[in-house]
Amino acid sequence: MISLKNLTKVYGHPDTSVTVLDNLEIDVATGEILAIVGPSGAGKSTLAQCINLLERPTSGQVIVNGEDLARLSERKLRVARRRIGTIFQSASLLSRRTAAENIALPLQYLGVTPAETKARVAELLERVGLSHRANHYPFELSGGQLQRVGIARALALRPSVLLSDEATSGLDPETTRSVVSLLRQLRDDLDLAVVFITHEMDTVLHVADSAARLENGRITEQGSLVDLLTDHDSALGRALQPRLSPADPGAGSRAWHVTYDSRTVPADWLQRVSADLGEPVALLAATIQSIDGTSTGNATVGLRAPEPLAAAAFTRHGLRAVPREAAAPAVQPAPRITEELQWA
Ligand SMILES: Nc1ncnc2c1ncn2[C@@H]1O[C@H](COP(=O)(O)OP(=O)(O)OP(=O)(O)O)[C@@H](O)[C@H]1O
């Protein structure tokens, strides 16, 4: 488990100081993957550096397994830092060393015996599915394979926290999915708390259990993905939703934006609402996400019933619904067009 308490980072001198991180409160439980998202300049890199203590926070705590690492002396910090493994965007491997030798580095620095190192490296290579590439050099590996070596190296010292700093940025979608599914597998097998920092909203849906939005150095929103995706008022939830292009509801009908999750709403909700109101409900657009066994739905439907009757029927069936003109724009900008659009 990792907890950030009142974490603040200020750069510069008192007269020219910039507060880059402002009193952050973040908890990531063992077995949880928290995605931290935010636009360029929000403070994501600074947060990553404060989490793995490459930068000392100006104030506040970084508590890993009950100990505040931010207060440790340099000597103690060197040891404590092993509890946090970091994977970076570019994997940052040494080009003149093989995959196995790169993974062995942290163990060698620590003085682990060659026999133990060999066994541990073999185990790690197997975990990341690269036993057959042990003796390949970085230039002989694909982007996904490089990142897998980076992950194995980050796990070499058996950390309890894994910090991923834009680790999938720049990978193609298929490779991103395979790296993300490896991270989820490792989280399960090794009971890791994972902090996944990214600017890629579509990756968050595949990797995370929960998400936090960092903006101007502050956490403006955080919650479980299921809660965020079904909350009409959540800007982060909206930014996480896949793009929808609803059809026109037709003359005399009103379009409603509806969200729900399968914990409280049965899959045949459309028929139920239709039977309740005694009129057909037209499905104009819909998307369903499955997150840890819970499905969250986001749909636009059209119906003729007067607003109070329709609203009451949706509520009776456990759906959260708002007339489309009152909802956030149903057509979301496609992820990855530009960050400015994503956060508009
Ligand atoms: N050493 C520093 N001294 C002063 N200001 C800094 C320093 N490092 C970062 N900043 C400022 O802190 C803010 C946050 O920067 P940071 O790199 O953490 O953002 P980011 O969210 O990672 O951005 P990006 O996604 O573009 O990498 C920026 O305004 C940046 O100019």
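Residues: numbered from 1 along the sequence shown. All ligand and atom numbering here is 1-based and tracks the order in the structure.
- Less than 4.0 angstrom separates some heavy atom of Ser45 from each of these atoms of ligand 1: 17 (O), 18 (O), 20 (P), 22 (O), 27 (O).
- When only interatomic distances are considered, the shortest N/O to N/O separation between Thr46 and ligand 1 falls below 3.5 Å.
- Taking 4.0 Å as the cut-off between side-chain N and carboxylate O, Arg120 and Glu123 count as a salt-bridged pair.
- Within the 3.5 Å criterion, the main-chain N or O of Glu25 finds a donor-acceptor partner in the side chain of Gln222.
- Checked against Gln147 for a side-chain contact (heavy atoms from CB on, under 4.5 Å), the options Leu141, Thr176, Val179 give a single hit: Val179.
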Salt bridge (Lys or Arg N to Asp or Glu O under 4.0 Å) between Asp188 and Arg127, worked out | CA-CA 12 Å; Asp188 292 342; Arg127 270 204 186 280; over 6 Å; no
Checking salt bridge (Lys or Arg N to Asp or Glu O under 4.0 Å) for the pair Asp172/Arg177: CA distance, chi angles, key distance, verdict?
-> CA-CA 9 Å; Asp172 62 70; Arg177 279 189 192 225; over 6 Å; no
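- Of the options Leu47, Val20, Val37, the smallest heavy-atom separation from atom 11 (C) of ligand 1 is shown by Val20.
- Contact annotation: Pro39 has at least one heavy atom less than 4.0 Å from an atom of ligand 1.
- Taken together through direct or relayed side-chain contacts under 4.5 Å among Ile, Leu, Val, Met, Phe, Trp and Tyr, Leu319 and Val322 form parts of separate hydrophobic clusters.
- When each atom of ligand 1 is checked for a heavy atom of Gly41 under 4.0 Å away, the hits are 13 (C), 14 (C), 19 (O), 20 (P), 21 (O), 23 (O), 24 (P), 26 (O).
- Residues Thr230 and Thr259 approach most closely at O-OG1, 2.9 Å, considering heavy atoms.
- Residue Val18 has no nitrogen or oxygen atom sitting less than 3.5 Å from a nitrogen or oxygen atom of ligand 1, judged on distance alone.
- When the heavy atoms of Lys9, Lys44, Glu55 are ranked by distance to atom 21 (O) of ligand 1, first place goes to Lys44.
- Note on ligand 1: Ala42 sits in its first shell, one or more heavy atoms being nearer than 4.0 Å.
- Within the structure, the closest approach of Gly38 to ligand 1 does not fall below 4.0 Å when heavy atoms are considered.
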